[in-house]
2 protein chains.
Amino acid sequence: MLSKKTKYGIKALTFLAKQKGQVPVQIEVISKSENISQKFLETILLTLRKNGFLGSRKGKGGGYYLLKEPKDINMAAVMRILEGPIALVPCVSLNFYERCADCPDENTCSVHKLMIEVRDSSLSIFNNRTLADLVP
Amino acid sequence: MLSKKTKYGIKALTFLAKQKGQVPVQIEVISKSENISQKFLETILLTLRKNGFLGSRKGKGGGYYLLKEPKDINMAAVMRILEGPIALVPCVSLNFYERCADCPDENTCSVHKLMIEVRDSSLSIFNNRTLADLVP
DNA sequence: TATTAAACCTACTAAATCGATAGGATAATT
DNA sequence: AATTATCCTATCGATTTAGTAGGTTTAATA
């Protein structure tokens, strides 16, 4: 299941992508428009900023804005920042790999085999979609 | 992320699929062979039995066995019983649909749009794989 | 320069979920 | 009757999630 954090983060990015120009948008505006708790959204936008997706300006007239064109914001990258691994199991994750403690041999593991297929198909979607594709 | 329940459940099903004949296999045998806590596995096998995947026999010589041929056990069905929805978001789930409280219109929701694609690709994998495909 | 408006930051918390365990009840074999 | 196995339900501790609190910093503007 997708966390609310990811869901809200994607919604906020989409909202910003819809804005004309580079005018900063305040958290409050996004949170009201998208029905997201303002305080929660605050922390989400913060991590998006710290990871290079958003810029911000403090004080009056401040807010958040996209640092790149929507078409240059890859959804796999967004997912990894907000949600973490795209794979359903750490042992098939490309960016968050971890061995399974219980599994003696990945090559003969039935779960491993199946989850690699799922990862590949999900990944190909996220890798081939940008924020621009999500804007209505 | 896949729960341990699902992971262990699939491993146990695969283990049973590897057995020759319909001889019941005891929980203890599976749990030791697959490094799964016996008590935890007990509850997992119970739900697999209650959902028509496994049969069981009590007492000496008892245990669990597959009720169907591995090639007739669809992995989408297994996933739905063990893990729940295949979709990442309830609003795109076919079998566990729920409206998002925050979302005024699914048709223009960016998350919805993306997650439908992901669901479709995951689903086509799970629907086209059976337990037989997972046996090494 | 004082005020106001906004993001920034860290810690905290309530609730839910997860992984696992406890401990007996039931049923089948020998 | 004794043994062996599943059956069943409740509980528990740890972790994660979603959200809140409450102040700090920075920038614009009157």
Side-chain angles (χ1 to χ4, degrees), chain A residues 1-12 16 23-32 34-51 53-67 82-85 88-90 96 98 100-103 111, chain B residues 1-12 16 23-32 34-67 82-85 88-90 96 98 100-102 111:
Chain A
M1 276 289 150
L2 207 68
S3 66
K4 303 258 179 190
K5 182 180 172 188
T6 304
K7 185 181 162 192
Y8 294 161
I10 293 174
K11 282 192 166 195
L16 291 172
V23 179
V25 181
Q26 292 124 35
I27 297 174
E28 193 187 359
V29 172
I30 305 175
S31 85
K32 285 195 172 144
E34 299 293 325
N35 301 306
I36 304 168
S37 143
Q38 179 166 344
K39 271 296 194 179
F40 190 25
L41 183 57
E42 212 176 297
T43 66
I44 297 168
L45 296 182
L46 213 52
T47 80
L48 285 172
R49 196 213 59 184
K50 286 184 176 169
N51 285 281
F53 293 97
L54 298 180
S56 67
R57 193 139 75 210
K58 283 186 180 179
K60 192 163 191 173
Y64 283 96
Y65 49 91
L66 293 180
L67 281 180
L82 292 173
E83 188 73 9
L88 288 180
V89 150
F96 300 82
E98 260 177 74
C100 292
D102 57 295
C103 198
V111 177
Chain B
M1 277 288 150
L2 207 67
S3 65
K4 303 259 180 191
K5 182 180 171 189
T6 303
K7 185 181 163 194
Y8 294 161
I10 294 174
K11 283 192 165 194
L16 290 173
V23 179
V25 181
Q26 292 124 35
I27 297 174
E28 192 186 1
V29 172
I30 306 174
S31 85
K32 283 194 172 144
E34 299 293 324
N35 301 305
I36 304 169
S37 144
Q38 179 167 343
K39 271 296 196 180
F40 191 24
L41 183 59
E42 211 175 297
T43 66
I44 297 169
L45 296 184
L46 214 51
T47 79
L48 285 172
R49 197 213 57 181
K50 287 185 176 170
N51 286 280
F53 293 97
L54 299 180
S56 69
R57 193 139 75 208
K58 285 185 180 179
K60 193 162 191 178
Y64 283 96
Y65 50 91
L66 294 180
L67 280 181
L82 293 172
E83 188 74 10
L88 288 178
V89 149
F96 301 81
E98 260 178 73
C100 292
D102 57 294
V111 176

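Residue numbering restarts at 1 for every chain, and letters A, B, ... go by the order of the sequence lines.
Rounded to an integer number of Å, the gap from B/Leu46 CG to D/dT9 P is 9 Å. One atom, CD1 of A/Ile27, and another, C1' of D/dT20, lie 14 Å apart when rounded to the nearest Å. Look at CG on B/Leu45: it is 13 Å from C1' on D/dA5, rounded to the nearest Å. Atom P of nucleotide C/dA6 and atom NZ of A/Lys39 are separated by 14 Å, given to the nearest angstrom. Put simply, CD on A/Gln38 is 13 Å from P on C/dA5, counting in whole angstrom units. One interatomic measurement links the two molecules: NZ of A/Lys4 to C1' of D/dT16, which rounds to 15 Å at whole-angstrom precision. Atoms NZ (B/Lys60) and P (D/dA2) sit 15 Å apart, rounded to a whole Å. The separation between B/Leu54 atom CG and D/dA5 atom P is 18 Å, rounded to whole Å.
Listed nucleotides: C/dA27, D/dA18, C/dC9. Nearest to the side chain of B/Lys58: C/dA27.
Under 4.0 Å is where a charged nitrogen must lie from a carboxylate oxygen, and between B/Asp102 and A/Lys7 at least one such pair does.
One finds the CE atom of A/Met1 at 11.0 Å from the CD atom of A/Glu83 (value rounded to the nearest 0.5 Å). For the atom pair A/Gln26 CD and A/Leu45 CG, the distance stands at 12.0 Å (nearest 0.5 Å).
A/Leu48 is listed as a side-chain neighbour of A/Leu82, based on a closest heavy-atom distance under 4.5 Å. The closest side-chain heavy-atom distance from A/Arg49 to A/Tyr64 is below 4.5 Å.
Between C/dA5 and A/Arg57, no contact under 4.0 Å exists linking OP1 or OP2 to a side-chain N or O. For B/Ser37 and C/dG19, the shortest distance from a side-chain N or O to OP1 or OP2 is not below 4.0 Å. Under 4.0 angstrom from either OP1 or OP2 of C/dC8 there lies at least one side-chain N or O belonging to A/Ser56. In terms of phosphate contacts, A/Tyr8 brings a side-chain nitrogen or oxygen within less than 4.0 Å of OP1 or OP2 of D/dG19.
No contact: A/Glu28 has no heavy atom under 4.0 Å from any strand. No engagement by A/Lys7 is indicated, since no non-hydrogen atom pair under 4.0 Å with the nucleic acid exists.
Map A/Lys5 and A/Gly59 each onto its nearest nucleotide of DNA chain D; the residue landing nearer the 5' end is A/Lys5. Nearer the 5' end of DNA chain D, as judged by each residue's closest nucleotide, is the contact made by B/Gly61, out of B/Thr43 and B/Gly61.
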